[in-house]
Amino acid sequence: MMKIKVLDYFIINKSKPNQKNILDVHIIEEGLLINKNFINNEKKLSFVIRSVGHINPSVENYYPVTVEIDAGNDLKDYKDLIFTDSL
């Protein structure tokens, strides 16, 4: 099981349909990220990772990721939560 923690969030181009939701994540247990669904069962929140960025200089296990969230959810509610991949 893969496990990640959301550290921060950013919204680029808030006008729909071009909005980009970005989460800074810490990968606690590694695995393949792209198109993977992550869930926090306690808060009933989920997201799908669409792309993974890189930071310079690199920091081990910390990445910005572009995500897709369910309509009606607020990205700020994801901060500081731990998510696991759905199997």
Side-chain angles (χ1 to χ4, degrees):
M1 177 183 309
M2 186 170 181
K3 194 183 288 186
I4 63 177
K5 180 177 182 180
V6 174
L7 302 175
D8 210 348
Y9 68 94
F10 306 93
I11 300 172
I12 298 174
N13 194 7
K14 290 187 179 187
S15 63
K16 303 245 182 208
N18 298 323
Q19 179 172 313
K20 296 270 189 204
N21 299 316
I22 302 196
L23 299 175
D24 279 339
V25 299
H26 173 220
I27 299 173
I28 298 168
E29 295 177 21
E30 294 202 41
L32 184 63
L33 291 175
I34 304 296
N35 295 321
K36 190 168 268 200
N37 188 39
F38 287 88
I39 299 170
N40 177 286
N41 288 320
E42 183 180 318
K43 298 284 186 174
K44 306 293 187 225
L45 294 171
S46 67
F47 61 87
V48 177
I49 294 180
R50 294 301 180 201
S51 67
V52 179
H54 299 281
I55 57 174
N56 227 348
S58 63
V59 177
E60 187 175 338
N61 295 333
Y62 289 86
Y63 299 94
V65 294
T66 302
V67 298
E68 181 180 312
I69 62 174
D70 293 331
N73 286 348
D74 195 334
L75 207 55
K76 71 179 179 183
D77 295 332
Y78 290 65
K79 188 174 180 181
D80 297 323
L81 296 178
I82 293 178
F83 292 79
T84 56
D85 60 330
S86 59
L87 301 175

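Starting from 1, each residue takes its place in the sequence as its number.
Of the listed residues (Ile39, Asp70, Val6), just one forms a side-chain contact (heavy atoms from CB on, under 4.5 Å) with Phe47, and that residue is Val6.
Chaining together hydrophobic side chains whose heavy atoms lie under 4.5 Å apart places Ile22 alongside Phe10, Ile12.
With rounding to the nearest 0.5 angstrom, the NE2 atom of His26 is 9.0 Å from the NZ atom of Lys5. Here the CD1-CD1 distance, from Ile27 to Ile4, works out to 7.0 Å after rounding to the nearest 0.5 Å. Atoms CZ and OG1, on Arg50 and Thr66 in that order, are 11.0 Å from each other to the nearest 0.5 Å. Atom-to-atom distance recorded for Phe38:CZ and Asp85:CG is 5.0 Å, nearest 0.5 angstrom.
Tracing side-chain contacts under 4.5 Å through hydrophobic residues (I, L, V, M, F, W, Y), one never reaches Ile69 starting from Val48; they form parts of separate clusters.
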Determine, step by step, whether Gln19 and Ile11 satisfy the side-chain contact (heavy atoms from CB on, under 4.5 Å) criterion, reporting the C-alpha distance in whole Å, the side-chain angles of both residues, the deciding distance to 0.1 Å, and the verdict. CA-CA 7 Å; Gln19 179 172 313; Ile11 300 172; 3.7 Å; yes
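Side-chain atoms of Val52 and Ile34, non-hydrogen and from C-beta on, do get closer than 4.5 Å to each other.
Legend: residues meeting side-chain hydrogen bond (donor to acceptor under 3.5 Å, both in side chains) with Asn18, ordered by chain and number and at least two apart, are absent.
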Table please: side-chain donor-acceptor pairs of residues 75-84 below 3.5 Å, with sequence neighbours left out.
from  : atom 1 : to    : atom 2 : distance (Å)
Tyr78 : OH     : Ser46 : O      : 2.9
Tyr78 : OH     : Asn73 : ND2    : 3.2

